[in-house]
Amino acid sequence: MCGRYYRRSDKQRIAEAFRLGKLAELPLEVAPSFNIAPTTMQPVIVADRDTGERTMRVMRWGLIPVWAKDPKAMGLSTINAKAEGLMEKPMWRTPFKKRRCLVPADGFYEWKKLDAKTKQPYAFRLKDNQPLAFGGVWEHWKALDGSLEWDTFSIITTEPNELTASVHNRMPVILKPSDYERWLDTTDLERPPVDLLRPYDADLMSAHAVDPRVGNVRNNEPGLCEAFECPPNSA
DNA sequence: CCAGACGTTGTT
DNA sequence: GTCTGG
DNA sequence: CCAGACGTTGTT
DNA sequence: GTCTGG
């Protein structure tokens with residue numbers, strides 16, 4: 001799973017990390033966020049199908065299928081797409097072949113269930129503290145009456161690596177910079193990059209417990225993704 | 001052919 | 001839109 | 001993903 | 001318990 005993540009990069013830094021041209025033409029302002037939740041508007045990277053030029057676009061997290069009449073109908077079930085079913089399931093097949101994107105981030109949060117009442121959030125990121133990219137797919141949705149139009153995206157999940165498995169049973173697909181080009185190139189519909197749908201190398205990642213205040217989406221400060229000393233048990 | 005479903009995660 | 005089931 | 005709300009009627 | 005909002 002991947003239901004919350006963080007991104008330290010602003011628009012300028014995203015443009016550098018993903019080698020975007022024409023920074024001035026990029027949409028809106030993009031501020032860092034340390035508590036990114038589903039249904040919010042977030043920057044993603046796509047490539048022009050003809051020229052291959054990379055651009056940033058702002059989309060809603062939580063993919064709405066083209067056929068959905070009610071944008072709320074899918075609920076939370078489309079914030080993630082299981083890598084195992086991308087080529088088989090009708091809902092994901094076309095987006096995966098024709099509309100892949102990179103989701104700029106620095107890391108993600110997972111909650112570990114300690115007991116029936118207690119859970120502890122953890123932050124995961126790269127050991128070298130570099131920005132990273134989740135593998136994503138996107139879709140364009142338009143209301144039947146044409147009153148609403150949205151681009152929406154979903155983050156692909158896969159089996160956990162050794163590090164994330166200690167907290168949860170899924171993790172987002174993370175792509176290496178050397179794979180960005182092939183991921184974004186959607187011209188070859190016969191050979192989508194299924195080989196990139198695998199857990200990231202656990203040795204290159206770090207994990208640490210963070211402040212449980214990250215659970216509330218209203219909290220959003222840099223400290224949320226930093227290591228947090230749990231208060232000693234008073235028992 | 002048409003009708004109907006189409007999704008993930010976690011929890012029970 | 002696209003796939004499955006009947 | 002988690003947090004927080006979840007309701008009606010009448011009066012101001 | 002279940003739905004909505006972020």
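A, B, ... follow the sequence lines: proteins, then strands. Residue 1 opens every chain.
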Could you please name the option among [options] that lies closest to any side-chain atom of [X]?
X: A:Asn216; options: D:dG4, D:dC1, B:dT9; answer: D:dG4
X: A:Trp111; options: B:dT9, B:dG7, D:dC1; answer: D:dC1
X: A:Thr157; options: D:dA3, B:dG7, B:dT8; answer: B:dT8
X: A:Arg218; options: D:dG4, C:dC3, B:dG10; answer: D:dG4
X: A:Arg4; options: B:dT9, E:dG6, B:dG7; answer: E:dG6
X: A:Val217; options: E:dG6, C:dC3, D:dC2; answer: E:dG6
X: A:Ser77; options: B:dG7, B:dT9, D:dC1; answer: B:dG7

Open item on the list: Using Watson-Crick or G-U wobble geometry with both distances under 3.5 Å, which nucleotide pairs with B:dC2?
Closed with: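 Its partner is C:dG5 (Watson-Crick or G-U wobble, both distances under 3.5 Å).
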
Taking 4.0 Å as the cut-off, does a side-chain nitrogen or oxygen of [X] come that near to OP1 or OP2 on [N]?
X: A:Lys113; N: B:dT11; answer: yes
X: A:Lys119; N: D:dC1; answer: no
X: A:Trp92; N: B:dT8; answer: yes
X: A:Lys98; N: C:dG1; answer: no
X: A:Arg170; N: B:dT8; answer: no
X: A:His168; N: D:dC1; answer: no

Task: Within 45° cone and under 6.0 Å: A:Arg60 NZ/CZ vs A:Trp141 ring - done: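 Geometry flag: not set, cation outside 6.0 Å or 45°.
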
Task: Heavy-atom side-chain contact between A:Trp61 and A:Val44 under 4.5 Å - done: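 No; the side chains remain at least 4.5 Å from each other.
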
- [ ] Taking the side chain as every heavy atom from C-beta outward, state whether A:Tyr5 and A:Tyr109 have any atom pair closer than 4.5 Å.
- [x]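 Contact flag for A:Tyr5/A:Tyr109 side chains = no.
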
Task: Under 3.5 Å donor-acceptor pair, A:Thr39 side-chain atoms to E:dG6 base atoms - done: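 Side chain to base: pair present.
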
Open item on the list: Is A:Trp67 stacked against the base of B:dC6, taking the criterion as centroid distance under 5.5 angstrom and interplanar angle under 30°?
Closed with: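 Aromatic stack with B:dC6 present for A:Trp67.
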
Open item on the list: We want to know whether A:Thr55 and A:Glu53 form a side-chain donor-acceptor pair, criterion being a heavy-atom distance below 3.5 angstrom.
Closed with: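 Checked: A:Thr55/A:Glu53 side chains show no N/O donor-acceptor pair below 3.5 Å.
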
Open item on the list: Using a strict threshold of under 4.0 Å (side-chain N to carboxylate O), is an ion pair present between A:Asp106 and A:Arg13?
Closed with: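 No, this pair does not count.
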
- [ ] Decide, yes or no, whether a salt bridge links A:Glu221 with A:Arg213 under the criterion of side-chain N to carboxylate O below 4.0 Å.
- [x]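 Between A:Arg213 and A:Glu221 there is a salt bridge, with a charged N closer than 4.0 Å to a carboxylate O.
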
TODO: May I have the distance from A:Asn80 (atom CG) to B:dC6 (atom P), rounded to whole angstrom?
DONE: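 Result: 18 Å.
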
[atom1] atoms of [N] and [M], separation to the nearest Å:
N: B:dT9; M: D:dC2; atom1: P; result: 13 Å
N: D:dC1; M: B:dG7; atom1: C1'; result: 16 Å
N: D:dA3; M: B:dG10; atom1: P; result: 15 Å

- [ ] May I ask you to say what A:Pro65 touches in the nucleic acid, namely base, sugar-phosphate or nothing, with a heavy-atom cut-off under 4.0 Å?
- [x]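 No contact.
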
